[in-house]
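Taking it in order: structure first as structure tokens, then the write-up.
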Number of protein chains: 2
Amino acid sequence: MLNRVNLLVMAVAQVRDVAALAGVSPATVSNALNHPAKVSPATLARIQAAIDELGYIRNDAARQLRAGTNHAIGMIVLDIANPFFTDVARGVEDVLIAESRPLILGNSAQEPSRETSYLDLFEQQRMSGVLITPVGDVMDRLRRLRDRGTSVVLVDRMSRAKEFSSVSIDDKMGGRIATEHLLEIGRRRIGFIGGPAGLAQVKTRLAAARTAAEKHGSGEIVFVETETMNAQAGRWGAEQLLELPRKQRPDAVFAANDLVALGVLQALTLAGVRVPDDIAIIGYDDIEFAASAAIPLSSVRQPAQQLGSAAATLLLDVIADPAGSTVKHTTLKPELVVRRSTAGA
Amino acid sequence: MLNRVNLLVMAVAQVRDVAALAGVSPATVSNALNHPAKVSPATLARIQAAIDELGYIRNDAARQLRAGTNHAIGMIVLDIANPFFTDVARGVEDVLIAESRPLILGNSAQEPSRETSYLDLFEQQRMSGVLITPVGDVMDRLRRLRDRGTSVVLVDRMSRAKEFSSVSIDDKMGGRIATEHLLEIGRRRIGFIGGPAGLAQVKTRLAAARTAAEKHGSGEIVFVETETMNAQAGRWGAEQLLELPRKQRPDAVFAANDLVALGVLQALTLAGVRVPDDIAIIGYDDIEFAASAAIPLSSVRQPAQQLGSAAATLLLDVIADPAGSTVKHTTLKPELVVRRSTAGA
DNA sequence: CGGCGCGATTGAATCGTTCCAATTTGCCTT
DNA sequence: AAGGCAAATTGGAACGATTCAATCGCGCCG
């Protein structure tokens, strides 16, 4: 019956068609594709020719079903519109492409519901590995994922319980050096803008800033919590600060990332506030656009691409040896980059 | 035997386990999941309870194999590091999430080989739809994809042969209005920086610029071809212009996108060239960072998110009715945004 | 010259779900 | 009360590849 159909509708070629054309069995075609060493060179060539002639493309669903696992790697980033995360993704991509493993990129946009739906997807797909910068409380989900055979590596976030391997950048240090820098140039009231407060990166950077201010003695942190971390949130945050009574207005802003910092810069400039004279600004990430901003932005540089490639490499290790008893945590160091937005006294 | 294994290794639950626990057949569970209307409310509840208790997650590979098609949509963008494309992607995401269709995002990084490997992936996965901004010559691949049942919509690029539906932004108009603007503020020699020249967007914008210059009479276009279109390419392109003999040096630059424009701005500023006095600059896309640049950048605004959502919507239409005889081309209009980089005479 | 061993090849079972046709259940109509 | 009909449920055959044990050929050694 299939044969009759073939005459009418040019059906898509399958292994058995390739096998028939090459004069071998389907099993041999499969071997040629997956274990070429097992097949004699002559047969290999004949099969390859048949594949080309028929334009055969294997059906991944069937393959995965039988194999039990998906070759692809899933990644969930916090915000695809933030150049920091696209840089991380590129680092990941570079490593995975070399292994010819497809990368499935999902954007949680800092929304737990979207994060969850991507986790659902990855779980249904039986991904072999997942890279995630978590937003919501997903530890249970990740544990289940791992129990089902999907390896997990946390990106830019240490696992509290230390149960998952992770690659992160030292946010404590970053928060500290940014704050110390502002204190050193003589600022005392520092507005910290970012959020939501529950986000690990925000929490840690803020805590480190507070610690540094306390240690200094006369420093003080004013926290303005935002819902997300883009330029719009930055503009909103700056407006909050400007509404404060004159005496409570900060003389510096520490933005939780560069997008926020750029928004702050815009709003302050628009309001006639001089940067850095009246209010200094420091951002975080050192995205490419920080240097080319109206007033070039000081920032805490994070090695984004390196973070990505380290995470991908680590994930591949975990996949290769899931039972590997050692959970590994790699921490990279951030670096202070001083530009005009915090220049001079 | 499976039962014995179950006692030892807590195997992952499958439909038949859920069915057994709920006291129904696997077929009913499947119906509950896929055609709830066919199942009585009481049974539905029992099955749901069983699913929750066992933590059942369906195996997408098996599902796809039987269903013959993947519910997900694939998208290949030119450059994930370009905010324009991430904006487009967000527009797409918004539409797809509402339909609860996963989006698989691939980055060709303007490399034909990567584009091809993503097409391979999408073909193997039997995606139900693909959105693509092509780099290389992939028309044959796309045709094959379509013949196999994957719907295709081109983004930001009209299909020459008009055989695929597309959503694009009028590059001819964009090239024209940018050039006319430069001519109007008195510039005559315009450096066009972008590439590779084969890229549709570059080709069209450049041609439109040339046409506008010709029509004007005394305008002239100097084309500097770059390999890619990021800030680094912009810096390189600017250096090429600066190396020209004084008399041949342009008095304006039309950058093929804003990333390039920002690079040009950096390099010119570094070389002591005054913008816009000595050389005016206009970019393309009007990404968010254009407005907050050291010298706020004039640009040709493209409605990126709108482009994305239009493309996604169109793709869903095509998927719903692949035989729909009408190939549709939607074209959106760009808009001139004048800022300081082309201000004054 | 027969048997042995080894690489190459194959048949048939299998992965977990969906789909179709067929069956059962329960209710309404006459 | 019997027949008919719709709704709910079910058994079992797909989907298309991979895998493993079993078979086939063939050269070589004793």
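Each chain gets a letter, A, B and so on, in the order the sequences are listed, and its residues count up from 1. Because only heavy atoms are used, hydrogens play no part in the values below, and waters and symmetry mates are left out as well, while side chains stay in. As the structure is a computational prediction, the values presented were derived from the model and not from experiment.
A:T313 meets the side-chain hydrogen bond (donor to acceptor under 3.5 Å, both in side chains) test with no other residue; sequence neighbours excluded. Qualifying salt bridge (charged side-chain N to carboxylate O under 4.0 Å, His left out) partners for A:D79, counting only residues two or more places apart in sequence or in other chains: none. Judged as a side-chain contact (heavy atoms from CB on, under 4.5 Å), and not counting sequence neighbours, the contacts of A:S30 are A:N34. For B:V18, the side-chain contact (heavy atoms from CB on, under 4.5 Å) partners two or more places apart in sequence, or in a different chain, are B:V29, B:I47, B:A50, B:I51, B:L54, B:Y56. Listed by chain and residue number, A:D120, A:R141 satisfy the side-chain contact (heavy atoms from CB on, under 4.5 Å) test with A:T116 (two or more places apart in sequence, or in another chain). With sequence neighbours excluded, the residues satisfying side-chain contact (heavy atoms from CB on, under 4.5 Å) with B:S108 are B:I76, B:L78, B:E115, B:V135.
Annotation: salt bridge (charged side-chain N to carboxylate O under 4.0 Å, His left out) contacts involving residues 40-55 of chain B, sequence neighbours excluded, are absent. Contacts classified as salt bridge (charged side-chain N to carboxylate O under 4.0 Å, His left out) and involving residues 57-73 of chain B (residues at least two apart or in different chains) are given here: B:D60-B:R63.
In 5' to 3' order, the nucleotides of DNA chain C bounding all contacts with chain B (an atom under 4.0 Å from a heavy atom) are C:dG16 to C:dC19.
Comparing B:G23 and B:A67 by the nucleotide of DNA chain D that holds the closest heavy atom to each, the one mapping nearer the 5' end is B:G23. Mapping B:P26 and A:R58 onto DNA chain D by nearest heavy atom places B:P26 closer to the 5' end of the strand.
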Below 3.5 Å between N/O atoms, which protein atoms pair up with nucleotides 23-28 of chain D? Just atom names and distances, please.
none

List the atom pairs, with distances to 0.1 Å, where a side-chain N or O of residues 89-100 of chain A and a protein N or O form a donor-acceptor pair under 3.5 Å, not counting sequence neighbours.
| residue | atom | partner | partner atom | Å |
| --- | --- | --- | --- | --- |
| A:R90 | NH2 | A:D87 | OD1 | 3.0 |
| A:E93 | OE1 | B:N107 | ND2 | 3.3 |
| A:E93 | OE1 | B:R114 | NH2 | 2.9 |
| A:E93 | OE2 | B:R114 | NH2 | 2.6 |
| A:E93 | OE2 | B:Y118 | OH | 3.3 |

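For the residue pair A:S128 and A:R101, a side-chain donor N or O sits within less than 3.5 Å of a side-chain acceptor on the partner.
At a non-hydrogen distance threshold of 4.0 Å, B:A27, B:S30, B:N34, B:H35 from residues 27-46 of chain B come into contact with DNA chain C.
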